[in-house]
Amino acid sequence: MLRELIYERLKSILSEQEIQYDFNIEVPDEKFGDYSSNIALIGARYFKKPPIEVARYFSEKLSDDPLFSEINVAGPGFLNFKISKGYYIDILNDMLSKEQNYWKPEKNDIKVQFEYGSANPTGPFTVGHGRQLIIGDILSNVFEFLGYDVTREMYLNDAGRQIKLLARSLWVRYNELFGKSFELPEDGYRGKYLIEFAEKLKEEFEDKFLEKWDNETEQFFMKYAVSNILKMMNSTLSKLDSKFDSVVSEKSVIEKGLVEKVLEIFRNKDLIYKKDGAIWLKVSKLINEDDKVLIRSDGTYTYFLTDIAYHYDKYLRKFDKVYDIFGSDHHGHIPRMKASMKALDIPDDFLDFILHQFVTLKRKGEVVKMSTRSGDFVTLDELIDEVGKDATRYFFAMNDINTHLNFDLELAKSKTVDNPVFYVQYAYARINSVFEKAKEKGIKFKLKEDIEKLEKEKELNIIKLLDELSFTLKDTTEKLSPHILTNYIYGLSEKFHSFYAKERILDEEDIAISNARLNLLYAIKIVYEIVFNLLGITAPDHM
RNA sequence: GUGCCUGUAGCUCAAUCGGAUAGAGCACUGGACUCCGGAUCCAGAGGUUGCGGGUUCAAUUCCCGCCAGGCACACCA
């Protein structure tokens, strides 16, 4: 990786001087060079000299280094590097030898868990869940690619009062089919899926539960509703090509006795008390927030309590790092969860949260209304059916998670250049078609041969960009946002299309240069396959 | 009222943990195939980075104060 090579060289000059500080290597505007560093700007105060002089010092020190074909000092004291052509050829050769492994570091032992898609199993996934699912899925893929031991996990809140409401709502719908009218609970569920479940129930059990509501019936309806909703959720997940390594239910957390355990720890630390018949956690003793109820006066557990127990379990499962991904509407949950972790003597950096902002669907510039209450909201399933898996995934991934996402349905469906998904997939299809054309023309592709013929600015630039994938992946794991990866692949596509338009790849008059460029295309193809795979979108040979 | 996120070209978005003249796409103007996929490419125009201060060699980025939008402030999850 070129960035590292440059970094190491600069670093060693610093240590010769017994000076230490942090500095950057970055890819600047092309006119400045291939890479640049701010080492002299930062270093001015350590060297006690003006930045330009410091920059000259580095530049002289490195003047004999074969890595660079040119080093110059510019602006207020930037150090700009041009990489020797020979290094680019070596790098390309290395990529062609190792293929995907070129970008894949050694496996490490760090156990990372991503929790996302967690929901009450009370209805189908919404569009909002979609963003979360895609963010979690892609980040998991990237961490895994970089050698982490990753667990993708979903938590199901199948024990709370929401499930009771769901059961009662279903029961009401069921009775309606017999012309018996009961009122839906005030916070009940109004989605049409419950009517469909009710119809199935009627077919299977006829009037067995008609006008009969007791504990046994409630249990049955809870189970029936949840299992059917899980079926719906799973079907959506498989349409999305999104898989979990593990699904943990709230019930199982309670059954494992973790709630008791957590309460015991809190009790021993004098962090709980009883008030108004409920059990409270002294959140105010830990952070600057109000105390919260753990056990309601009717004896049932709050979500807060079981979630603490669940996270305690994560700790016991020995994850090194846990990320919870959810919508920004849950951000209020964060400080008290952090506080609870502290109360359980779990290290501060064990748990982190990845919040994403909301999604708005737009059709022809108009906002598509989504409302959970009325039950006519657009489900994730409907979205996938309308725009396809690839567009769904790419669009959810392509914005910074901190910004509100405008999902343009028309754009997502369009098969034109405006649609970024098509743009990047088209580049891939085009590469394949060049290989096919080469065969037709009788130009034989010889792996790793003739690559020293590559010398054009655009060619070497692409090699650099391919090498940069390593940095992009690392950056994605640090910024915890998948849009860095979509931006990368979009940028590579631009570079490729531009190269394709400028330079003829297949030239029967010059077989060697044709083969050299086919090798370059082959490396590009590998990178597309890595990135498409991480994003979870298809790599089409033809479109 | 308090807390979190956002505000960048007409529109949708970038900007590599503070870097050089703030970049792409769409739309607009003008160009490029007898050809490897024109589903593409090249060029032009378009900006007081919401406003006002501060920090420093350097601020879209960090700090403070306003303004606007979104979200949250339950014995819901």
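Letters go in sequence order (proteins before strands), and every chain restarts at 1.
Sparse packing is recorded around NZ of Lys474(A), with 12 or fewer heavy atoms of other residues, nucleotides or ligands lying under 6.0 Å away. Atom NZ of Lys453(A) sits in a sparse spot, with 12 or fewer heavy atoms from other residues, nucleotides or ligands closer than 6.0 Å. Enclosure of atom NZ in Lys342(A) is not indicated, since only 12 or fewer non-hydrogen atoms of other residues, nucleotides or ligands lie within 6.0 angstrom. For Lys446(A), the NZ atom sits in a loose shell: 12 or fewer heavy atoms of surrounding residues, nucleotides or ligands are nearer than 6.0 Å.
Base pairing of G10(B): its partner is C26(B), meeting the Watson-Crick or G-U wobble criterion (both donor-acceptor distances under 3.5 Å). Checking C33(B) for Watson-Crick or G-U wobble geometry (two distances, each under 3.5 Å) identifies no partner in any strand. Here G38(B) sits opposite no nucleotide as a Watson-Crick or G-U wobble pair (both hydrogen-bonding atom distances under 3.5 Å). If you check U48(B) for Watson-Crick or wobble pairing at under 3.5 angstrom, you find it has no partner at all. Nucleotide A72(B) is matched to U2(B) when pairs are restricted to Watson-Crick or G-U wobble geometry with both distances under 3.5 angstrom. Base pairing of U56(B) is not made with any nucleotide, judged by Watson-Crick or G-U wobble geometry with both donor-acceptor distances under 3.5 Å.
The closest side-chain donor-acceptor pair between Gln162(A) and Asn157(A), if any, does not fall under 3.5 angstrom.
As a whole-Å value, the separation of Ile52(A) CD1 from G19(B) P is 18 Å. We find that NE2 of His330(A) is positioned 17 Å from C1' of G3(B), with the value rounded to whole Å. Taking atom CG of Asp418(A) as the reference point, atom P of C41(B) lies 12 Å away to the nearest angstrom. Rounded to an integer number of Å, the gap from Arg131(A) CZ to U6(B) C1' is 11 Å. In this structure, Asp290(A) places its CG atom 14 Å from P of G3(B), rounding to the nearest Å. Rounded to whole Å, the distance from OH on Tyr46(A) to P on C57(B) is 13 Å. With rounding to whole Å, Leu355(A) atom CG is found 13 Å from U6(B) atom C1'. The interatomic distance linking Ile505(A) (CD1) with C41(B) (P) rounds to 14 Å, in whole Å.
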Per-pair distances, 0.1 Å, donor-acceptor, side chain in residues 34-44 of chain A, under 3.5 Å, sequence neighbours excluded:
residue  : atom : partner   : partner atom : Å
Asp34(A) : OD2  : Ile83(A)  : N            : 2.8
Asp34(A) : OD2  : Tyr88(A)  : OH           : 3.1
Tyr35(A) : OH   : Glu468(A) : OE2          : 2.8
Ser37(A) : OG   : Asn24(A)  : O            : 2.8
Ser37(A) : OG   : Ile39(A)  : N            : 3.0
Asn38(A) : OD1  : Asn24(A)  : N            : 2.8

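Across all strands shown, Ile42(A) has heavy atoms under 4.0 Å from base atoms, whether or not it also approaches the sugar-phosphate. Across all strands shown, Ala438(A) has no heavy atoms under 4.0 Å from either base or sugar-phosphate atoms. Using a 4.0 Å heavy-atom cutoff across all strands shown, Asn80(A) reaches at least one base atom of the nucleic acid. Among the atoms of the strands shown, only primed sugar atoms or phosphate atoms (P, OP1, OP2) are found under 4.0 Å from some heavy atom of His497(A). Glu503(A) comes within 4.0 angstrom of a nucleotide base, judged by non-hydrogen atoms across all strands. Counting any heavy atom pair closer than 4.0 Å across all strands shown, Arg45(A) reaches no nucleic acid atom. Nucleic acid contact for Arg517(A): none, since no nucleic acid atom lies under 4.0 Å from a heavy atom of the residue. Contact annotation for Tyr423(A): backbone-only contact, meaning every heavy-atom pair under 4.0 Å involves sugar-phosphate atoms and none involves a base. Nucleic acid contact for Arg504(A): base, since at least one base atom lies under 4.0 Å from a heavy atom of the residue. As judged by a 4.0 angstrom heavy-atom cut-off over every strand, Ser36(A) is placed among the base-contacting residues. Heavy atoms of Asp22(A) sit under 4.0 angstrom from at least one base atom.
At G23(B), none of the side-chain N or O atoms of Tyr490(A) fall inside 4.0 Å of OP1 or OP2 (strictly under the cut-off).
A58(B) and U21(B) have their P atoms separated by 13 Å, given to the nearest Å. On the P atoms, U34(B) is 29 Å away from A45(B), given to the nearest whole Å.
A donor and an acceptor atom never sit less than 3.5 Å apart when one is taken from the side chain of Thr302(A) and the other from the base of A74(B).
No donor-acceptor distance shorter than 3.5 angstrom exists from the side chain of Asp450(A) to the backbone of Asn515(A), with no hydrogens or angles considered.
Aromatic ring centroids of Phe422(A) and Tyr426(A) lie 6.0 Å or more apart.
Ranked by how close their nearest RNA chain B nucleotide is to the 5' end, Tyr500(A) and Lys275(A) are led by Tyr500(A). Each of Lys292(A) and Ser498(A) has a nearest nucleotide on RNA chain B; the 5'-most of these lies closest to Ser498(A).
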(request) Produce a footprint string for nucleotides 11-16 of chain B: one letter per nucleotide, 5' end first; B if the base is under 4.0 Å from any protein heavy atom, S if only the sugar-phosphate is, - if neither. (result) -SSSSB
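The only option from Tyr155(A), Phe353(A), Phe114(A) that meets the ring-ring contact (aromatic ring centres under 6.0 Å, His included) definition with Phe326(A) turns out to be Phe353(A).
In this structure, the side chains of Asn432(A) and Tyr428(A) come closer than 4.5 Å at one or more pairs of heavy atoms.
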